[in-house]
Every structure is written in C-alpha cells, then in structure tokens.
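Have a look at the structure below, then the notes.
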Amino acid sequence: MKAKRGLVDVSSITWGSLMGGNDKEFGRYYTNPEDEEKKTFVNGWQWGYDHAIAYLKEIMNKRGLQPRDMIFVKEGMNSKASRQAIHDQYKSGRDKHPQWYESFVPARDELLRVFRDLGATICWQDGGVEADDVLGYLAKNLDGEIYVISNDKDLAVVCSYGPDVHHLRYGILDDNPFGPFPHALIPYYIAVVGDSADKIPGAKGFGLKSMEKLLIQFGADGLELLGDLITTTKLGRLVEDVGALKDLQKILDDQSGVYKSYELGRLRIESVNTLRRPMSWEAGLCRPYAGVDEPE
C-alpha cells in the first residue's frame with residue numbers, strides 16, 4: 001500500500017478561504033486612506049481560518065489523509081526576489097489593501113499552529129525561492145501518492161511528474177485549467193500567453209485567441225515544439241512557420257519577453273534545498289488531549 005502525502009500551499013489556501021464569501025460576524029469596513037469616500041470590506045481572520053480548516057478537512061477525509069501525512073509549505077523571506085530581479089512588476093500590486101493582511105496573517109498562523117499540534121509538518125525556504133518551487137520539489141522527490149493542494153493554476157504542472165502526483169484546485173483533481181493539452185506544457189503556455197494574476201507579460205499581443213489558433217493549427221505537438229525552441233533559446237526558427245500561422249510573428253517580435261516570461265512562470269525546483277540554501281523544517285508534535293472545560 002502506497003504512503004500518501006498532502007502538500008498544502010499555505011498562502012493560496014488561506015487567501016482563498018479568507019476572501020471567499022461575506023463575513024457578517026467579524027468582517028468590517030475600512031476607509032481607503034487615499035480616498036475617504038471609498039470603503040473596503042474585509043473579512044475577519046476567523047472567517048479565513050474556519051473555512052481553511054473545513055476545506056482541508058473535507059479533502060483529507062475524501063483522500064484518506066491524516067494530519068501526520070500533511071506538509072504545509074509557507075513562503076520564506078524574500079521569496080519573490082529572484083523573479084522580481086527579472087521583472088520588477090512580477091506579482092506587484094498585491095498590497096493594494098493592506099487591511100487584508102491584518103486578517104491573513106493571524107488566519108495563516110492559527111492554521112499552522114493547529115495542524116502542527118496535530119502532527120503536521122511545516123517547511124519553507126528563504127531567499128529567492130517561492131512556496132510553489134518548494135511544492136514542486138517535494139512533489140518531484142517524495143515517494144508515494146502525492147496531493148498538491150493549491151488554488152494556483154500553474155501548479156497543475158506537477159501532474160506531469162508521474163501518475164502518483166496529483167493537483168487539487170478548488171477540490172477538482174488533475175485538471176489542466178489552461179486548456180486541453182498535457183500538463184508538462186503549462187510553462188510554455190504561460191511563456192507566450194502570460195499570466196495576468198502574477199503579472200507575467202508573455203509575448204506582446206499573443207493572447208488566448210492566438211493560443212487557440214496555435215492549438216487548432218498544430219495541436220499539442222505544436223506547443224511542445226514551441227517549448228523546445230523556448231528552452232533552447234532558438235525562437236528565431238519560427239520564421240519558417242509564420243506562413244502557416246501569422247500570430248507566430250508576435251512571438252518572433254518579442255523573443256526576449258517570452259524567454260523572460262518562461263523564467264518567471266516555470267517551477268525552479270533546481271534551486272530548492274541546495275547546500276547554500278537548504279529548506280527549513282518545523283516538525284509537528286501531537287500534543288496530549290487537555291480535556292474540555294465543563295460549564296458549572
């Protein structure tokens with residue numbers, strides 16, 4: 001019987017749980033300091049914590065996972081630094097409403113505390129490596145059946161690591177949210193189309209409609225060949241195919257943008273747990289049951 005592991009993208013699950021729905025008990029309005037007439041409603045941290053617990057509990061029950069089987073991966077210090085050195089707008093603008101962070105931090109910390117006390121493990125890596133990279137590294141190297149629990153679309157690429165590696169996004173198993181092509185090709189898709197959520201530019205003018213034309217004309221094999229040209233920095237060879245699909249000219253005209261976007265969008269598992277920058281671990285500890293205070 002194969003061992004099972006649940007790898008939790010802490011930031012993704014906490015943010016998704018916090019921002020979904022309307023917290024009538026602990027939520028409140030905040031005045032925008034730049035415009036006092038505008039107010040932002042922010043859910044309380046309890047809302048995010050409760051919904052994260054419920055969501056993870058449902059997944060664990062369905063997949064046969066115990067707290068001791070769970071590894072919670074959180075962001076380390078300066079996690080975006082290396083990618084922002086390539087593109088300074090990468091994941092920018094996420095601090096537009098800092099009041100949300102006032103709810104996010106305690107929700108995240110309480111989630112980690114509770115699961116750590118139940119025997120789950122917490123890990124992270126500081127310095128230029130994001131939680132997605134660590135999740136990819138663990139999914140690639142751990143034995144057994146692996147479930148990567150994250151709402152981030154780009155992490156669906158882990159399904160290409162083998163038949164025992166799965167991606168759970170909003171409870172949906174092993175879906176490719178980018179389209180009908182193999183999961184391994186997701187980084188190449190992002191390289192040319194970009195990702196507005198992460199502020200990855202892609203090739204100028206080459207959007208969803210252009211990608212649809214490419215897949216219709218050449219199929220998944222065409223995207224795979226495009227990926228080979230990206231990884232070998234030989235996009236100039238596309239000049240031979242522009243006659244068959246004019247939109248390829250947009251990739252030719254912005255080759256540097258495509259190469260940059262590929263480096264932003266791919267998982268950098270080779271940078272995880274190195275001699276210079278090892279991963280950090282916090283082992284879980286099952287604490288004894290303290291009982292319940294009975295009302296007098």
Side-chain angles (χ1 to χ4, degrees), residues 6-63 65-67 70-80 91-124 130-132 134-135 147-153 155 168-172 196-199 282 284-287 289-295:
L7 310 180
V8 181
D9 184 348
V10 174
S11 291
S12 175
I13 299 305
T14 304
W15 276 118
S17 301
L18 178 64
M19 301 189 74
N22 194 349
D23 178 11
K24 296 181 179 179
E25 184 176 3
F26 299 106
R28 57 174 295 185
Y29 282 96
Y30 288 87
T31 301
N32 189 327
E34 298 179 359
D35 186 349
E36 295 185 357
E37 294 184 359
K38 290 184 178 181
K39 293 186 178 181
T40 302
F41 185 82
V42 176
N43 291 330
W45 71 265
Q46 301 91 336
W47 177 272
Y49 164 75
D50 287 344
H51 282 75
I53 288 285
Y55 179 66
L56 292 173
K57 181 180 178 182
E58 180 181 359
I59 288 176
M60 292 167 65
N61 287 339
K62 188 173 183 178
R63 304 297 168 185
L65 295 163
Q66 298 295 325
M70 307 294 282
I71 300 177
F72 285 71
V73 181
K74 66 178 185 178
E75 297 289 351
M77 294 178 59
N78 301 318
S79 61
K80 298 191 291 289
K91 290 189 177 181
S92 63
R94 296 193 170 190
D95 55 352
K96 187 175 181 180
H97 299 294
Q99 297 86 357
W100 278 106
Y101 281 91
E102 295 177 11
S103 292
F104 167 78
V105 171
R108 176 201 62 194
D109 292 350
E110 185 65 7
L111 180 69
L112 291 175
R113 184 193 68 79
V114 167
F115 269 96
R116 183 186 62 232
D117 288 353
L118 291 172
T121 302
I122 303 168
C123 74
W124 67 95
E130 296 187 60
D132 285 7
V134 177
L135 287 161
Y147 293 93
V148 177
I149 305 168
S150 173
N151 298 329
D152 288 356
K153 295 195 299 181
L155 270 171
L168 271 167
R169 179 173 177 262
Y170 298 118
I172 301 175
S196 59
D198 289 344
K199 300 294 179 65
E282 187 175 348
L285 177 65
C286 293
R287 299 189 181 280
Y289 177 61
V292 178
D293 293 333
E294 297 289 342

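By convention here, the first residue in the shown sequence is residue 1.
Summarising the geometry, atom CH2 belonging to Trp45 is positioned 15.0 Å from atom CH2 belonging to Trp100; distances are rounded to the nearest 0.5 Å. To the nearest 0.5 angstrom, Leu155 atom CG is 12.0 Å from Leu168 atom CG. Thr14 OG1 to Lys74 NZ: the interatomic distance, rounded to the nearest 0.5 Å, is 11.5 Å. One distance of note links NZ of Lys62 with OH of Tyr147; it measures 10.0 Å at 0.5 Å rounding. Note that the CD atom of Gln46 and the NE2 atom of His51 stand 12.5 Å from one another [nearest 0.5 Å]. Between Leu111 atom CG and Arg116 atom CZ the span is 11.0 Å, to the nearest 0.5 Å.
Distance alone, capped at 3.5 Å, places no donor-acceptor pair between the Asp152 side chain and the Ser12 backbone. With hydrogens and angles ignored, the 3.5 Å screen pairs a side-chain donor or acceptor of Trp47 with a backbone N or O of Gly20. Side chain of Lys199 to backbone of Ser92: a donor-acceptor contact under 3.5 angstrom is found. Judged by distance alone, with hydrogens and angles left aside, the side-chain atoms of Asn151 form a donor-acceptor pair with the main-chain N or O of Tyr170 at under 3.5 Å. A distance-only check finds no donor-acceptor pair linking the side chain of Glu130 to the backbone of Lys80 [under 3.5 Å].
Within the structure, side chain to side chain donor-acceptor pair (under 3.5 Å) contacts touching residues 103-112 (residues at least two apart or in different chains) are Glu110-Arg113.
In this structure, Val114 and Tyr49 have side chains that are in contact, with non-hydrogen atoms separated by less than 4.5 Å.
Shown here are the ring-ring contact (aromatic ring centres under 6.0 Å, His included) partners of Tyr55, two or more places apart in sequence or in another chain: there are none. With sequence neighbours excluded, no residue satisfies ring-ring contact (aromatic ring centres under 6.0 Å, His included) with Tyr30.
Of the options Ile59, Leu18, Ile149, a side-chain contact (heavy atoms from CB on, under 4.5 Å) to Ile13 is made by Ile149 and by none of the others.
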task: For side chain to side chain contact (heavy atoms under 4.5 Å, CB included), just list the numbers for Asp9 and Asp132, CA-CA rounded to whole Å, side-chain angles, deciding distance to a tenth of an Å, and then say yes or no.
output: CA-CA 7 Å; Asp9 184 348; Asp132 285 7; 3.4 Å; yes

Working for side chain to side chain contact (heavy atoms under 4.5 Å, CB included), residues Val42 and Glu102: CA-CA 9 Å; Val42 176; Glu102 295 177 11; over 6 Å; no

- request: Go through the steps to decide whether Leu56 and Phe72 satisfy the test side chain to side chain contact (heavy atoms under 4.5 Å, CB included), and finish with yes or no.
  value: CA-CA 11 Å; Leu56 292 173; Phe72 285 71; 3.8 Å; yes

- prompt: Would Asn22 and Asn43 count as a side chain to side chain contact (heavy atoms under 4.5 Å, CB included) if you check the C-alpha gap in whole Å, the side-chain angles of each, and the deciding distance to 0.1 Å?
  reply: CA-CA 7 Å; Asn22 194 349; Asn43 291 330; 4.3 Å; yes

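Between Phe104 and Tyr101, the ring planes lie perpendicular to each other; the angle is over 60°, past the 30° to 60° tilted range.
Pairing each heavy atom of Lys39 with each of Tyr29, the nearest pair is CB-CD2, 4.1 Å.
Few gaps surround CD on Glu282; more than 12 heavy atoms of other groups in view lie less than 6.0 Å from it.
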